[in-house]
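Note that ligands are numbered from 1 as they come in the structure, with each ligand's atoms numbered from 1 the same way.
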Amino acid sequence: MRFPILFSIFLPLVISISSDPVCTNGFTLVNNKCLKLFTTAASYKVAERSCMDYGATLVTVKNSNDNHAVSTIAGTSVALLWMGLYCFGSDPSRCQWDDSTGSADMYNSFAAGFPHIAVGKCVYYSTQGALAGKWLSGDCEKETKAYICELPITRADDCKYNYNGYCYTFHDVPTAFVQAQETCEKECGNLASVTSANENRYIATLSNRLFSGNFYIGGLWPSSNVFYWFDGSAWNYNNIDPSYSHNANCIAVSNSISSSVASGLWFSIKCHMPYSFVCKRPAGTKCSGNQPIVPVTPVPPTQSFCNSSLLLSPGVITSPNFPFSYDNSEFCSYQLATLGSYNVLLRFSDFATVKGVDFVNVYDGDSVNSKLLGTYTGQLDAFSLVSSGNTMLVTFKSGSGKPAQGFSARFTSYSYGR
Ligand SMILES: *[C@@H]1O[C@H](CO)[C@@H](O)[C@H](O)[C@H]1NC(C)=O
């Protein structure tokens, strides 16, 4: 009988928090969501990037109230709007929300016959006529539409960078880890933990504007597979460069295009190195406790995946039979994808094919008609590629002769910092 009592105690608390929601960045509170309408038509990719500049995603719709909120904010000025939903197959269960909350299986408002990925993998909302409130499939690159961006609700606070219930401060003064943490504690915070891809994207986008170099977050990496956040948050998300191995105890975020680690990715660094840093504290409620612990979900291991259907990041693809030799006259294709608001980072850790005979092609999109990122053959050192959208296609073709070992590559979601 304990549970019902706890429940009745917690319920009023939840109501008092949600009765005081605020939106930042000029977004409007509509039906418990922070939304902003952009009426200039853009491709899906451009619309995503525009939302990202606010740390936002394209609008997500989880119930009929949300669906109504989209019409409310669109008014009569626009007829069609991109939503933050990307379909990997012609079934709502294969459509994934951009805010990493899963598929559209629980709620959707697709018009009859949709989603239909032969028409397009992106999803748009119709505000007018017989299809008002309905969702349809559209071509992500060729079609342009108006769009709505969405930010999480936060709590009222006079801090400058207020996101999803937290205030962030950016200190562009190179400081060692311990002194940086002390500075954050004086602000009733800690060096920032980064516990979701959306939060990483928010910080990476701002840091590109506010910092001149790499910067500390509150992560510690004391030995090769031990990680934790200084503020006690669970280690349930990270954006460590997959090609980077542990060689020091603190974690920094790359903020430069020229360094060996791509912008927005994390790497290990000796804690006495002076870097810029980001602090974080709960908005509205200063000096409160740590965040709740969230269980870690392990990532399942993967194998060759030659010719398997669309693969959702993260995962590993290899040539057939790797680490043993592939055969002559083989052909494989690998379709890689991540959520609509992220990019694919593909890291080849091993690459050995017969030069001029066996080739790997990588395309910046989901077909061989997409832009070719490169053709690779021979013995190559490890290298990385990043897609401009949320899909990548890899093909492998062997000729005749004595085959080589082949390749192994890991693909991950990449939080594109600008
Ligand atoms: C992969 O698909 C292609 C074309 O559909 C086919 O030619 C090839 O044999 C397949 N590869 C393997 C290893 O099954």
Handout entry: Close residues, ligand 1: non-hydrogen atom nearer than 4.0 Å
Key = Cys306, Asn307, Phe331
Exercise for the section: Report the residues that fulfil ring-ring contact (aromatic ring centres under 6.0 Å, His included) with Phe88, sequence neighbours left out, ordered by chain and then residue number. Expected result: Tyr86
Practice task
Have a look at Tyr342 and tell me which of Asn198, Asn390, Thr57 forms a side-chain hydrogen bond (donor to acceptor under 3.5 Å, both in side chains) with it.
Solution key: Asn198
Practice task
Would you tell me whether Thr375 and Asn361 have side-chain atoms, one donor and one acceptor, within less than 3.5 Å of each other?
Solution key: yes
Handout entry: Criterion ring pair (Phe, Tyr, Trp, His ring centres under 6.0 Å) on Trp235 and Tyr228, from CA distance to verdict
Key = CA-CA 6 Å; Trp235 188 266; Tyr228 62 94; 8.5 Å; no
Problem - Side-chain (Thr127) to main-chain (Ala79) donor-acceptor, under 3.5 angstrom - result: yes
Practice task
Examine Phe407 together with Tyr376 and report whether their ring centres are nearer than 6.0 Å.
Solution key: no
